[in-house]
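Positions are given from 1, in the same order as the sequence printed here.
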Amino acid sequence: MYLGIDLGTSGVKVILIDDEQNIVAFSKGSLEVQRKNPNWSEQNPSDWISATNCAIDILKKDYSKELKAVKGIGLSGQMHGAVVIDKHDKVLRPCILWNDTRSFKEASELDSLQEFRDITGNIVFPGFTAPKLVWLKNNEPEVFKQISKVLLPKDYLRLYLTGEYVSEMSDSSGTSWLDTEKRVWSRKLLDKTDLGIENMPRLIEGVDISGKVKDEIALKWGLSKGVIVAGGAGDNVATAIGAGTVNDGDSFVSLGTSGVVFSTIPEYLPNPQSAVHTFCHAYKNKWHQMGVILSASSCLEWFSKINNIDVKTLSDELGNKLNAPNSTIFLPYLSGERTPHNDANVQGAFVGLTHNSTREVLTQAIMEGVCFALKDNLNALSSAGGKVERVTILGGGSNSSYWLELMATVLNISIDIPKEGDFGAAFGAARLGLIAFNNAEVSEICKAPQIERSIYANKNFLSQFDESYEKFKKLYPIISSAMK
């Protein structure tokens with residue numbers, strides 16, 4: 001048996017799989033985000049421990065025998081968070097999360113130093129870890145002085161499990177401190193933020209063993225002694241492992257809270273000016289490119305709350321046949337935007353509202369706006385040397401057939417829908433636990449899921465959506481300028 005633990009923003013998900021990669025059980029512990037000020041987003045790391053223990057306690061009720069048979073654990077987690085601890089492993093303040101944009105000025109200052117893009121292969125985004133530490137130095141100097149180690153969220157959970165300070169390449173790629181090509185911490189970049197190698201965890205690959213579960217945790221969880229913990233991966237790479245997106249050219253689109261276009265690439269191909277992320281994959285000599293929009297299905301969830309109607313009903317109101325684009329355009333920048341604009345301050349908008357703008361019209365505009373933003377990402381990947389012609393669709397938004405046909409048409413690509421199952425980050429983490437324990441080959445373990453059906457672009461609407469997309473692109477600079 002193998003455990004996958006995914007530390008997300010809204011909860012900790014735990015999956016138990018067997019040697020044949022069948023899902024035996026899963027559970028979840030809930031989390032909440034604290035927002036004390038505008039643009040702030042924080043969580044207490046102690047809550048992650050409580051949520052993880054809660055999820056394990058649920059499993060213990062009916063699967064104690066299976067837990068006793070666990071040989072390996074893999075970890076996945078939300079990226080970019082800043083957990084700062086002192087020399088006694090005490091957490092000095094709440095973790096500043098990936099979607100916290102308070103450090104946008106610090107990010108801009110670091111990004112103006114050419115060595116950051118040269119060494120990391122990426123823009124320094126406000127959500128990344130390094131600018132958060134500069135913000136702490138500037139605004140909470142007493143906290144900064146006490147820092148012994150800086151850990152990413154899942155790596156704090158690892159510290160609880162194993163007592164080891166360890167991270168791995170995929171998650172560390174999002175800190176702005178990693179030499180992404182050489183896969184080592186950059187002393188030069190750490191020095192620019194008044195930190196050193198001694199403040200960083202040891203680096204390994206995601207498929208390697210990081211340590212063993214402490215005896216007291218094994219007893220608490222009902223595990224045998226000596227269970228290994230794999231390096232794991234950041235959430236999107238763990239999702240790629242779970243979906244079998246491990247071979248050159250393999251791609252997926254995740255339509256979750258945020259939206260992701262992910263593609264595995266054969267070599268290190270940075271192109272930071274495109275705002276595409278070029279990060280390490282979970283195993284050596286492999287990288288990936290990724291475009292990220294900060295609001296995807298969360299846009300429709302926001303609209304459903306306003307209307308007090310569930311998301312499925314909103315989607316169903318559009319019918320089963322794809323409609324031509326309407327004149328109302330939605331800009332999905334409810335949390336600012338990352339790729340391709342790197343703009344923490346831009347805000348969302350409806351443009352082209354009239355007395356005839358019904359709920360259905362606005363729902364369609366939201367779906368179209370998210371797809372247009374994903375097309376921005378696809379074009380950015382193309383400019384960075386990536387080539388995406390077919391994707392596997394993942395995430396909660398993939399439940400809407402209308403949205404998927406719309407996406408296939410806007411992006412003009414084929415979309416494969418997996419057969420029912422869980423191919424997300426927790427499953428990918430469990431796979432990494434299996435690989436690490438057995439020293440197995442990634443290609444042998446990480447098979448792609450069976451495809452239930454494929455959706456293709458509606459040729460009748462290609463030119464119309466191309467025209468609508470051109471209008472969408474013209475609106476960003478106008479809205480961005482108006483927000484300043």
Nearest atoms (heavy-atom pairs only) where [X] meets [Y]:
{"X": "Ala344", "Y": "Phe104", "result": "CB-CB, 4.1 Å"}
{"X": "Ala55", "Y": "Val12", "result": "CB-O, 4.2 Å"}
{"X": "Leu362", "Y": "Ser357", "result": "CD2-CB, 4.3 Å"}
{"X": "Ser172", "Y": "Leu152", "result": "N-CD1, 3.9 Å"}
{"X": "Leu294", "Y": "Ser335", "result": "CD1-O, 3.3 Å"}
{"X": "His80", "Y": "Gly174", "result": "ND1-O, 2.8 Å"}

Taking the side chain as C-beta and beyond, is there a heavy-atom pair between [X] and [Y] under 4.5 Å?
{"X": "Asn460", "Y": "Thr409", "value": "no"}
{"X": "Leu255", "Y": "Leu374", "value": "yes"}
{"X": "Val84", "Y": "Lys132", "value": "no"}
{"X": "Ser454", "Y": "Ile417", "value": "no"}
{"X": "Leu300", "Y": "Trp403", "value": "yes"}
{"X": "Leu269", "Y": "Trp287", "value": "no"}
{"X": "Asn458", "Y": "Leu462", "value": "no"}
{"X": "Leu3", "Y": "Ile56", "value": "yes"}

If you count every heavy atom of other residues, nucleotides or ligands that lies below 6.0 Å from Asn320 atom CG, does the total exceed 12? no
In terms of heavy-atom contacts, does CD of Glu32 have more than 12 from other residues, nucleotides or ligands at under 6.0 Å?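 Result for CD/Glu32: open.
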Salt bridge or not between [X] and [Y]? Use side-chain N to carboxylate O under 4.0 Å.
{"X": "Glu168", "Y": "Lys154", "result": "yes"}
{"X": "Glu42", "Y": "Arg102", "result": "yes"}
{"X": "Arg390", "Y": "Asp416", "result": "yes"}
{"X": "Lys61", "Y": "Asp57", "result": "no"}
{"X": "Arg338", "Y": "Asp376", "result": "no"}

Is a donor on one side and an acceptor on the other found under 3.5 Å between the side chain of [X] and the backbone of [Y]?
{"X": "Ser304", "Y": "Glu301", "result": "yes"}
{"X": "Thr52", "Y": "Trp48", "result": "yes"}
{"X": "Asn377", "Y": "Thr339", "result": "yes"}
{"X": "Asp343", "Y": "Val346", "result": "yes"}
{"X": "Asn139", "Y": "Trp135", "result": "yes"}

Show your working on side-chain hydrogen bond (donor to acceptor under 3.5 Å, both in side chains) between Tyr160 and Asn53 and close with a plain yes or no. CA-CA 11 Å; Tyr160 168 75; Asn53 283 324; 3.2 Å; yes
Going by atom types only, do [X] and [Y] share a side-chain donor-acceptor pair under 3.5 Å?
{"X": "Tyr402", "Y": "Asn323", "answer": "yes"}
{"X": "Asp248", "Y": "Thr264", "answer": "no"}
{"X": "Asp310", "Y": "Thr313", "answer": "yes"}
{"X": "Gln364", "Y": "Glu368", "answer": "yes"}
{"X": "Ser251", "Y": "Ser263", "answer": "yes"}
{"X": "Asn345", "Y": "Gln347", "answer": "no"}
{"X": "Asp235", "Y": "Ser76", "answer": "no"}

Test applied, side chain to side chain contact (heavy atoms under 4.5 Å, CB included); reference residue, Val207; option that passes from Leu434, Val442, Ile445: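 That would be Val442.
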Evaluate the ring planes of Phe279 and His288, with Trp represented by its six-membered ring, and classify them as parallel (under 30°), tilted (30 to 60°) or perpendicular (over 60°).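 Perpendicular.
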Plane angle bin for Tyr476 and His341 - parallel if under 30°, tilted between 30 and 60°, otherwise perpendicular: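 Parallel.
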In this structure, OG of Ser327 is separated from NZ of Lys471 (nearest 0.5 Å) by 7.5 Å
Euclidean distance, Ser414 OG relative to Tyr456 OH, rounded to 0.5 Å: 5.5 Å
Set out, in order, the CA-CA distance, both residues' side-chain angles and the distance that settles salt bridge (charged side-chain N to carboxylate O under 4.0 Å, His left out) for Asp466 and Lys375, then state yes or no. CA-CA 10 Å; Asp466 283 345; Lys375 185 164 185 172; 3.0 Å; yes
Using the rule given for side-chain hydrogen bond (donor to acceptor under 3.5 Å, both in side chains), can you reason through Arg453 versus Ser401, listing the C-alpha separation, both sets of side-chain angles and the distance that settles it, and then say yes or no? CA-CA 11 Å; Arg453 61 191 177 100; Ser401 295; 3.1 Å; yes
Suppose we call two aromatic rings close when their centres sit under 6.0 Å apart. Are Phe262 and His277 close by that rule? no
Looking at Phe372, I'd like to know if the NZ or CZ of Lys473 sits under 6.0 Å from its six-membered ring centre while staying within 45 degrees of the ring's axis. no
